[in-house]
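Here the structure is laid out as structure tokens; the discussion comes afterwards.
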Amino acid sequence: MYYFPVQPPYFLLLVGFLAALTSGLALSGTLKLIVQKWPSERTENTNPRSSLKQLVVPFIGITGGTCLFLFSGLEIFGFPSSLALGIGLPISLLTCLLVWLQLGSMMTFIEREGMQSLDLDSFS
């Protein structure tokens with residue numbers, strides 16, 4: 001026999017999606033502002049880790065929205081709540097951690113080498 005939740009968490013699925021989407025837009029806007037300020041504040045004391053501090057709150061919003069979205073989606077497809085949380089939470093947290101580490105390394109690379117170093121069209 002299959003387990004179907006009495007009340008599927010469609011509302012939580014929508015809330016998680018909207019939280020991740022709006023936080024992603026906030027992260028994008030903040031990242032654009034940080035990159036625009038780099039040429040004017042080009043000093044020896046600029047630390048890329050200080051720029052990452054401004055991105056923490058939107059990124060936590062993306063992480064929380066992703067966790068909620070994945071948890072709710074698994075529960076809608078019939079997973080019990082504890083199993084959905086046990087699968088959704090580690091997957092989304094690990095993915096967000098890896099994206100955060102990649103974002104930090106890319107910002108460090110861009111500050112060290114310049115934005116022209118990411119021009120992929122020049123390689124063809």
Side-chain angles (χ1 to χ4, degrees):
M1 198 83 204
Y2 293 106
Y3 169 78
F4 290 104
V6 177
Q7 185 70 355
Y10 294 121
F11 180 71
L12 290 179
L13 184 81
L14 182 65
V15 167
F17 176 74
L18 290 176
L21 182 69
T22 55
S23 297
L25 292 173
L27 182 84
S28 172
T30 307
L31 193 57
K32 285 177 186 176
L33 287 175
I34 289 171
V35 171
Q36 286 175 356
K37 287 181 185 178
W38 277 351
S40 64
E41 297 176 358
R42 194 60 125 170
T43 62
E44 301 290 325
N45 300 335
T46 306
N47 187 4
R49 298 293 173 204
S50 65
S51 301
L52 282 176
K53 290 178 184 177
Q54 298 173 2
L55 301 174
V56 169
V57 173
F59 200 81
I60 288 174
I62 292 172
T63 303
T66 305
C67 289
L68 188 61
F69 180 80
L70 194 54
F71 162 70
S72 302
L74 288 173
E75 197 170 0
I76 286 172
F77 283 110
F79 284 78
S81 296
S82 59
L83 184 60
L85 188 63
I87 293 173
L89 192 65
I91 288 175
S92 57
L93 288 178
L94 180 64
T95 302
C96 288
L97 175 69
L98 293 174
V99 168
W100 180 258
L101 294 174
Q102 183 67 29
L103 178 65
S105 69
M106 288 301 292
M107 287 181 70
T108 304
F109 179 75
I110 289 171
E111 254 195 331
R112 189 178 59 236
E113 301 292 327
M115 194 64 83
Q116 293 79 16
S117 62
L118 292 180
D119 187 20
L120 299 177
D121 292 335
S122 64
F123 292 119
S124 49

Euclidean distance, Cys96 SG relative to Ile91 CD1, rounded to 0.5 Å = 11.5 Å
key: Tyr10 versus Ile76, closest heavy-atom pair with distance   = CD2-CD1, 3.4 Å
note = So CZ of Phe79 and CG of Leu85: to nearest 0.5 Å the spacing works out to 13.0 Å
message = With side-chain contact (heavy atoms from CB on, under 4.5 Å) as the criterion, how do Leu83 and Ile87 come out once you've worked through the C-alpha distance, each side chain's angles and the decisive distance to 0.1 Å?
response = CA-CA 6 Å; Leu83 184 60; Ile87 293 173; 4.0 Å; yes
inquiry  = Hydrophobic clustering (ILVMFWY, side-chain heavy atoms < 4.5 Å, transitive) - are Leu31 and Val99 grouped together?
reply    = yes
ask   = Is Leu93 reachable from Ile60 through a run of hydrophobic residues whose side-chain heavy atoms are each under 4.5 Å from the next?
value = no
inquiry  = My understanding is that only residues two or more places apart in sequence, or in another chain, count here; which of them pass ring-ring contact (aromatic ring centres under 6.0 Å, His included) with Phe59?
reply    = Trp100
task = Answer yes or no: is there a donor N or O on one side and an acceptor on the other, between the side chain of Ser105 and the main chain of Gln102, under 3.5 Å?
result = yes
task = Any chance you could measure Leu70, atom CG, to Thr66, atom OG1, to the nearest 0.5 Å?
result = 8.5 Å
query = Taking it one step at a time, do Ser72 and Leu68 satisfy side-chain contact (heavy atoms from CB on, under 4.5 Å)?
reply = CA-CA 6 Å; Ser72 302; Leu68 188 61; 4.2 Å; yes
message = Within the 3.5 Å criterion, strictly below it, is a donor on Gln54 or Thr30 matched to an acceptor on the partner's side chain?
response = no
Same cluster (ILVMFWY, side-chain, under 4.5 Å), Val56 and Leu52 = yes
inquiry  = Has Ser92 got a side-chain atom pairing as donor or acceptor with Leu89's backbone, closer than 3.5 angstrom?
reply    = yes
key: Short side-chain to backbone donor-acceptor contact, Ser28 and Gly24, under 3.5 Å   = no
query = Are Ile34 and Ile62 connected in the hydrophobic side-chain network, where two residues link if heavy atoms are under 4.5 Å apart?
reply = yes
query = Any side-chain heavy atom of Thr95 sitting closer than 4.5 Å to one from Thr63?
reply = no
task = Locate the shortest heavy-atom distance separating Pro9 from Glu75; write the atom from each residue and the value.
result = CG-OE1, 3.9 Å
ask   = If Ile, Leu, Val, Met, Phe, Trp and Tyr residues are connected whenever their side-chain heavy atoms lie under 4.5 Å apart, and connections chain through other members, are Ile110 and Leu55 in the same group?
value = yes
